[in-house]
Amino acid sequence: MIEWVSLRAGARPVPQPVATPVVWATAFGGALVLVAVHNTLVGADRPGFALAGLSLLAALLGLCARFTAAPGTAVLCWLTLNGFAIPPVGTLTWAGHRDTFWLTCLCAATLVGTVLARIVQARAAYRRITGETALQAADPDDGSG
(Lines give C-alpha, C1' and ligand atoms only; values in the text may rest on other atoms or scores of the structure.)
Protein backbone atom coordinates (compact mmCIF):
# COMPACT_ATOMS: atom_id res chain seq x y z
CA MET A 1 0.00 0.00 0.00
CA ILE A 2 1.21 3.51 -0.82
CA GLU A 3 1.21 6.08 1.94
CA TRP A 4 1.31 9.76 0.97
CA VAL A 5 3.42 11.94 3.23
CA SER A 6 4.28 15.60 3.07
CA LEU A 7 7.81 16.34 1.95
CA ARG A 8 8.22 19.28 4.26
CA ALA A 9 8.66 18.70 7.93
CA GLY A 10 7.73 21.18 10.62
CA ALA A 11 6.43 24.70 10.32
CA ARG A 12 7.45 26.72 7.31
CA PRO A 13 9.54 29.72 8.26
CA VAL A 14 8.34 33.27 7.77
CA PRO A 15 9.99 34.73 4.65
CA GLN A 16 12.96 36.98 5.27
CA PRO A 17 12.71 40.60 4.10
CA VAL A 18 14.82 41.71 1.17
CA ALA A 19 18.16 43.32 2.01
CA THR A 20 17.97 47.09 2.53
CA PRO A 21 20.50 48.04 -0.20
CA VAL A 22 18.48 46.05 -2.74
CA VAL A 23 15.29 47.85 -1.68
CA TRP A 24 17.00 51.22 -1.93
CA ALA A 25 18.46 50.47 -5.36
CA THR A 26 15.02 49.38 -6.56
CA ALA A 27 13.47 52.53 -5.06
CA PHE A 28 15.99 54.75 -6.82
CA GLY A 29 15.69 53.01 -10.20
CA GLY A 30 11.92 52.65 -9.99
CA ALA A 31 11.48 56.28 -8.97
CA LEU A 32 13.58 57.45 -11.92
CA VAL A 33 11.54 55.35 -14.32
CA LEU A 34 8.21 56.49 -12.82
CA VAL A 35 9.17 60.16 -12.93
CA ALA A 36 10.47 59.84 -16.51
CA VAL A 37 7.19 58.24 -17.59
CA HIS A 38 5.24 60.89 -15.66
CA ASN A 39 7.16 63.73 -17.30
CA THR A 40 6.64 62.20 -20.73
CA LEU A 41 2.92 61.51 -20.38
CA VAL A 42 1.68 64.23 -18.00
CA GLY A 43 4.42 66.84 -17.77
CA ALA A 44 6.42 68.30 -14.93
CA ASP A 45 3.78 70.88 -13.98
CA ARG A 46 1.52 68.35 -12.17
CA PRO A 47 3.56 66.58 -9.48
CA GLY A 48 0.50 65.14 -7.71
CA PHE A 49 0.36 62.19 -10.08
CA ALA A 50 4.07 61.58 -9.59
CA LEU A 51 3.58 61.66 -5.80
CA ALA A 52 0.76 59.11 -6.09
CA GLY A 53 2.86 56.82 -8.29
CA LEU A 54 5.89 57.10 -6.03
CA SER A 55 3.74 56.45 -2.95
CA LEU A 56 2.44 53.28 -4.60
CA LEU A 57 6.02 52.26 -5.43
CA ALA A 58 7.08 52.94 -1.82
CA ALA A 59 4.18 50.85 -0.49
CA LEU A 60 5.02 47.96 -2.82
CA LEU A 61 8.66 48.11 -1.77
CA GLY A 62 7.55 48.17 1.85
CA LEU A 63 5.87 44.79 1.34
CA CYS A 64 9.25 43.11 0.99
CA ALA A 65 11.48 45.41 3.09
CA ARG A 66 12.57 45.77 6.68
CA PHE A 67 11.29 48.62 8.85
CA THR A 68 14.75 50.16 8.80
CA ALA A 69 14.55 50.61 5.02
CA ALA A 70 11.46 52.84 5.19
CA PRO A 71 13.10 56.24 5.79
CA GLY A 72 15.73 55.69 3.10
CA THR A 73 13.14 54.51 0.61
CA ALA A 74 11.02 57.59 1.28
CA VAL A 75 14.00 59.95 0.95
CA LEU A 76 15.15 58.37 -2.32
CA CYS A 77 11.66 58.67 -3.80
CA TRP A 78 11.39 62.26 -2.53
CA LEU A 79 14.76 63.22 -4.03
CA THR A 80 13.65 61.94 -7.41
CA LEU A 81 10.26 63.63 -7.08
CA ASN A 82 11.76 66.94 -6.00
CA GLY A 83 14.62 66.91 -8.47
CA PHE A 84 12.89 65.73 -11.62
CA ALA A 85 9.09 66.00 -11.30
CA ILE A 86 8.74 69.70 -10.55
CA PRO A 87 10.19 72.69 -12.42
CA PRO A 88 13.04 73.60 -12.57
CA VAL A 89 13.94 70.02 -13.44
CA GLY A 90 17.31 68.92 -12.11
CA THR A 91 17.34 71.35 -9.17
CA LEU A 92 16.63 70.28 -5.60
CA THR A 93 14.53 72.77 -3.65
CA TRP A 94 12.86 72.86 -0.26
CA ALA A 95 9.37 74.32 -0.06
CA GLY A 96 8.55 73.86 3.63
CA HIS A 97 5.04 72.49 3.92
CA ARG A 98 4.92 70.87 0.47
CA ASP A 99 8.11 68.86 0.86
CA THR A 100 7.32 67.94 4.45
CA PHE A 101 3.95 66.63 3.27
CA TRP A 102 5.58 64.70 0.42
CA LEU A 103 8.14 63.10 2.71
CA THR A 104 5.40 62.21 5.19
CA CYS A 105 3.27 60.62 2.45
CA LEU A 106 6.17 58.58 1.09
CA CYS A 107 7.34 57.41 4.52
CA ALA A 108 3.78 56.54 5.56
CA ALA A 109 3.27 54.55 2.34
CA THR A 110 6.44 52.57 2.96
CA LEU A 111 5.52 51.89 6.58
CA VAL A 112 1.97 50.85 5.64
CA GLY A 113 3.36 48.36 3.14
CA THR A 114 5.81 46.97 5.69
CA VAL A 115 3.21 46.68 8.46
CA LEU A 116 0.74 45.03 6.08
CA ALA A 117 3.35 42.46 5.03
CA ARG A 118 4.24 41.67 8.65
CA ILE A 119 0.57 41.22 9.61
CA VAL A 120 -0.09 38.88 6.69
CA GLN A 121 3.04 36.86 7.46
CA ALA A 122 2.20 36.65 11.17
CA ARG A 123 -1.34 35.48 10.45
CA ALA A 124 -0.07 32.86 8.02
CA ALA A 125 2.49 31.62 10.55
CA TYR A 126 -0.16 31.47 13.28
CA ARG A 127 -2.48 29.47 11.05
CA ARG A 128 0.31 27.05 10.16
CA ILE A 129 1.15 26.49 13.81
CA THR A 130 -2.44 26.15 15.06
CA GLY A 131 -3.39 24.03 12.07
CA GLU A 132 -0.61 21.54 12.75
CA THR A 133 -1.45 21.22 16.45
CA ALA A 134 -5.14 20.78 15.65
CA LEU A 135 -4.32 18.06 13.12
CA GLN A 136 -2.06 16.27 15.59
CA ALA A 137 -4.67 16.45 18.37
CA ALA A 138 -7.61 15.25 16.29
CA ASP A 139 -6.03 12.54 14.17
CA PRO A 140 -8.72 9.82 13.83
CA ASP A 141 -6.25 7.26 12.40
CA ASP A 142 -3.89 7.19 15.35
CA GLY A 143 -5.29 3.86 16.53
CA SER A 144 -6.23 4.97 20.05
CA GLY A 145 -9.99 4.94 19.55
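For the single chain, residues carry numbers from 1 onward in sequence order. Quantities reported herein were computed from a predicted structural model and do not represent experimental measurements.
- For Val75, the side chain to side chain contact (heavy atoms under 4.5 Å, CB included) criterion is met by Leu79, Leu103, not counting sequence neighbours.
- Counting all heavy atoms, side chain and backbone alike, Ala44 lies closest to Pro87 at O-CD, 3.2 Å.
- Nearest heavy atoms, Gly30 versus Leu57: C-CD2, 3.7 Å.
- Both Leu81 and Leu92 are assigned to one and the same hydrophobic cluster, defined by single-linkage of ILVMFWY side chains at heavy-atom distances under 4.5 Å.
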Only distances under 3.5 Å count here; give the side-chain donor-acceptor pairs of residues 107-118 to other protein atoms, sequence neighbours excluded, each with its distance to 0.1 Å.
{"residue": "Thr110", "atom": "OG1", "partner": "Leu106", "partner atom": "O", "Å": "2.9"}
{"residue": "Thr114", "atom": "OG1", "partner": "Gly62", "partner atom": "O", "Å": "3.0"}
{"residue": "Thr114", "atom": "OG1", "partner": "Thr110", "partner atom": "O", "Å": "2.9"}
{"residue": "Arg118", "atom": "NH2", "partner": "Ala65", "partner atom": "O", "Å": "2.5"}

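- In this structure, Trp94 is a member of the same hydrophobic cluster as Leu76, with clusters built from ILVMFWY side-chain heavy atoms closer than 4.5 Å.
- Cys105 meets the side chain to side chain contact (heavy atoms under 4.5 Å, CB included) test with Leu51, Ser55, Phe101; sequence neighbours excluded.
- Counting heavy atoms of neighbouring residues, nucleotides and ligands inside a 6.0 Å radius, atom CZ of Arg46 does not exceed 12 of them.
- Annotation: ring-ring contact (aromatic ring centres under 6.0 Å, His included) contacts involving residues 18-65, sequence neighbours excluded, are absent.
- The minimum heavy-atom distance linking Thr73 with Ala69 is given by the pair OG1-O, 2.7 Å.
- Hydrophobic cluster membership differs between Leu61 and Val33, with clusters built from Ile, Leu, Val, Met, Phe, Trp and Tyr side chains linked at under 4.5 angstrom.
- In this structure Leu56 satisfies the side chain to side chain contact (heavy atoms under 4.5 Å, CB included) test together with Leu60, sequence neighbours excluded.
- Here the shortest heavy-atom pairing between Val18 and Arg66 reads O-NH1, 3.8 Å.
- Screening residues 74-84 for side-chain hydrogen bond (donor to acceptor under 3.5 Å, both in side chains), with sequence neighbours left out, gives Trp78-Asp99, Asn82-Thr93.
- Both Leu54 and Val89 are members of a single hydrophobic cluster when ILVMFWY side chains are connected at heavy-atom separations under 4.5 Å.
- Trp102 places none of its side-chain heavy atoms less than 4.5 Å from the side chain of Cys77.
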